[in-house]
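One structure below.
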Protein chains: 2
Amino acid sequence: MTDLLSAAPEDPREPMSFRDIKQVVLDRIESRVWPPDSLLPSEKDLAEEFSSTRTTVNRALRELAEEGYLERRRKAGTRVLNAPVRQARLAIPLVRDEVVAMGASYRYVLVGREELAAPGWLAARFGLPPQARVLHVRCMHFADARPFQFEDRWIVTDSVPGVLEADFSAIGPNEWLLQRVPVSNVELTFSASRAGAEMAEFLDAAPGDPIFTVERMTWLRGAPVTFARLYHVPGYGLTTRI
Amino acid sequence: MTDLLSAAPEDPREPMSFRDIKQVVLDRIESRVWPPDSLLPSEKDLAEEFSSTRTTVNRALRELAEEGYLERRRKAGTRVLNAPVRQARLAIPLVRDEVVAMGASYRYVLVGREELAAPGWLAARFGLPPQARVLHVRCMHFADARPFQFEDRWIVTDSVPGVLEADFSAIGPNEWLLQRVPVSNVELTFSASRAGAEMAEFLDAAPGDPIFTVERMTWLRGAPVTFARLYHVPGYGLTTRI
DNA sequence: CTTCATATTATGTATAGACATAATAACCTA
DNA sequence: TAGGTTATTATGTCTATACATAATATGAAG
């Protein structure tokens with residue numbers, strides 16, 4: 001097995017790629033050859049060591065910094081972070097795609113649809129004017145005829161031209177919106193809530209069951225677009241890897 | 001306001017950076033100038049349009065692909081993804097840092113510590129041999145004297161030299177581990193569970209309350225290191241933005 | 001000795017060209 | 001006409017150099 005702490009691959013003819021360099025640097029960080037808070041050699045010095053160029057070394061170190069291992073500042077140099085600020089990346093798929101990826105078939109059912117003045121709590125969350133109108137849509141998503149997710153969504157009608165003409169009987173609001181509204185900013189909040197009576201009925205749960213809940217707020221060019229609460233069937237877990 | 005759909009900034013003397021190019025391309029995607037599934041002009045053509053080089057255009061498009069907007073393949077070109085596969089990035093801070101960031105003061109208390117054979121469910125999860133030993137540590141994390149998080153952790157003793165000598169009375173196992181064990185691979189699962197009697201007592205909750213739960217499994221160079229369940233005080237939400 | 005100005009250094013990013021390679025298009029042969 | 005081969009193209013990445021700029025070190029002056 002190649003000694004990854006060495007600078008060069010065993011075959012001297014094979015140049016070190018930016019990925020090779022990342023791996024060597026990461027190995028040195030993890031083995032404490034370069035301990036937390038220590039200053040790395042300059043890019044210029046590393047380029048010499050790896051028989052590479054500053055641009056290639058820069059890319060390797062920049063990506064390690066983006067991944068939370070290093071801190072870089074001009075002139076100050078590159079430092080190993082004391083506690084890596086690791087970041088998990090969560091893919092946010094369409095619920096249809098998520099169900100299909102589970103190997104199940106997807107089904108959608110509209111539960112309710114009404115146009116109304118934005119409730120106070122929503123106007124407050126979004127900073128909406130008092131008379132703002134929203135479309136409130138509730139729907140169910142099924143996986144192989146079993147409940148998977150209950151969706152409770154409010155759409156700001158001024159932000160989505162044509163939304164009042166959409167009846168959402170055949171297609172869910174999220175898929176409809178994705179076709180029409182590119183969304184720039186999303187805020188997600190994961191939490192646990194308690195199943196109320198209606199929730200329990202739709203999700204085949206018992207009232208009081210703990211429900212994994214995702215709140216999703218979206219904006220387009222600074223204007224609020226939607227607020228959705230997604231309630232998952234009991235037992236659901238959202239998994240990601242770093 | 002500068003018309004961002006134009007290729008060049010108004011001031012012809014200011015060259016377009018890779019960030020400018022990203023923004024123009026993103027604007028064209030969001031405004032459907034380049035609709036979903038469409039093929040973008042080649043990097044060479046875009047470099048000409050932006051009076052730039054392939055390397056600069058490549059960086060802009062590569063980052064947009066990493067952010068989930070584009071799909072790129074050699075020779076096949078660059079396409080706009082039908083549904084952006086957006087990814088949220090979750091910073092995974094130390095619980096101490098999370099509490100301090102909230103403006104509260106942090107306190108740690110060891111609840112229990114015992115060495116034992118790995119329970120069957122854990123051996124199964126990690127693929128451990130039947131006689132594997134683990135250190136089971138339970139502890140509480142407080143924010144301003146209020147319960148914040150209950151931590152239930154199993155540490156594979158073979159993977160962590162010195163762990164049996166650690167009593168964890170003054171410092172939590174996670175901080176202790178971070179000082180000694182760089183962790184390469186992490187799997188996180190977010191879910192909702194129900195507060196049992198002990199949990200309710202520690203977290204100042206009622207039995208049966210929904211509890212936002214994070215399971216964290218870690219490996220180093222392929223070997224299992226820890227399995228932790230983090231239970232959060234009722235009302236806790238984990239927020240991230242895309 | 002302290003403060004301010006200047007020099008130096010290390011990273012951030014751009015350019016131009018080169019080579020590698022995956023994927024598609026075009027061409028040739030049976 | 002279909003299948004196989006070859007050419008072409010578009011992206012992936014590297015090199016070498018240059019310029020920008022943030023941050024630190026050094027030196028000069030009061």
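Labels below follow one simple rule: chain letters A, B, ... track the order of the sequence lines, proteins then strands, and each chain is numbered from 1. These numbers were taken from a predicted model, which means no experiment stands behind them.
Distance, E43(B) CD to dA18(C) C1': 15 Å, rounded to whole Å. Atom pair L61(B):CG and dA14(C):C1' shows a separation of 16 Å (rounding to whole Å applied). When the C1' atom of dA22(C) is taken as reference, atom CZ of R74(B) falls 6 Å away, rounded to whole Å. Between the CG atom of D20(B) and the C1' atom of dA14(C) there is a distance of 12 Å, given to the nearest Å. Between the C1' atom of dT15(C) and the CD1 atom of I21(B) lies a distance of 12 Å, rounded to the nearest Å. Here dA7(C) presents its P atom at 15 Å from NZ of K75(A), a figure rounded to the nearest Å. Residue E66(A) contributes atom CD, which lies 12 Å from atom C1' of dG12(C) at whole-angstrom precision. Per the geometry, CD belonging to E63(B) stands 14 Å off C1' belonging to dA14(C), to the nearest Å.
Distances shorter than 4.0 Å separate some side-chain N or O of R73(B) from OP1 or OP2 on dT24(C). Of the side-chain N and O atoms in N58(A), none sit less than 4.0 angstrom from OP1 or OP2 of dT13(C). Under 4.0 angstrom from either OP1 or OP2 of dT13(C) there lies no side-chain N or O belonging to T55(A). Between dT17(D) and T53(A), no contact under 4.0 Å exists linking OP1 or OP2 to a side-chain N or O. A close approach under 4.0 Å does occur between a side-chain nitrogen or oxygen of T56(A) and OP1 or OP2 of dT15(D). The shortest distance between the side-chain N/O atoms of R19(A) and the OP1/OP2 oxygens of dT13(D) is below 4.0 Å.
In this structure, R221(B) pairs ionically with D27(A), as a charged nitrogen and a carboxylate oxygen lie closer than 4.0 Å. Using a 4.0 Å cut-off between a side-chain N of Lys or Arg and a carboxylate O of Asp or Glu, E151(A) and R229(A) do not qualify as a salt bridge. With respect to the salt-bridge test (charged N to carboxylate O, under 4.0 angstrom), the residues E30(B) and R180(A) do not qualify.
If G77(A) and S17(B) are placed on DNA chain C by their nearest nucleotide, the residue sitting closer to the 5' end is G77(A). Between P41(B) and S52(A), the residue anchored closer to the 5' end of DNA chain D is P41(B), taking for each the nucleotide with the nearest heavy atom.
Stacking of R96(B) on the aromatic ring of Y106(B) is not recorded, the 6.0 Å distance cut-off and the 45° axial limit not both being met.
In this structure, of dA23(C), dT13(D), dG12(C), it is dT13(D) that holds the atom nearest to the side chain of R54(B). Listed candidates were dT13(C), dT13(D), dT15(C). Nearest to the side chain of F18(A) is dT13(D). For R62(B), the listed nucleotide lying nearest its side chain is dT13(D); candidates were dA16(D), dT13(D), dA22(C).
Residue R59(A) is classed as a sugar-phosphate contact, given heavy-atom separations below 4.0 Å to backbone atoms only.
If you check the side chains of T213(A) and S191(A), you find no donor sitting under 3.5 Å from an acceptor.
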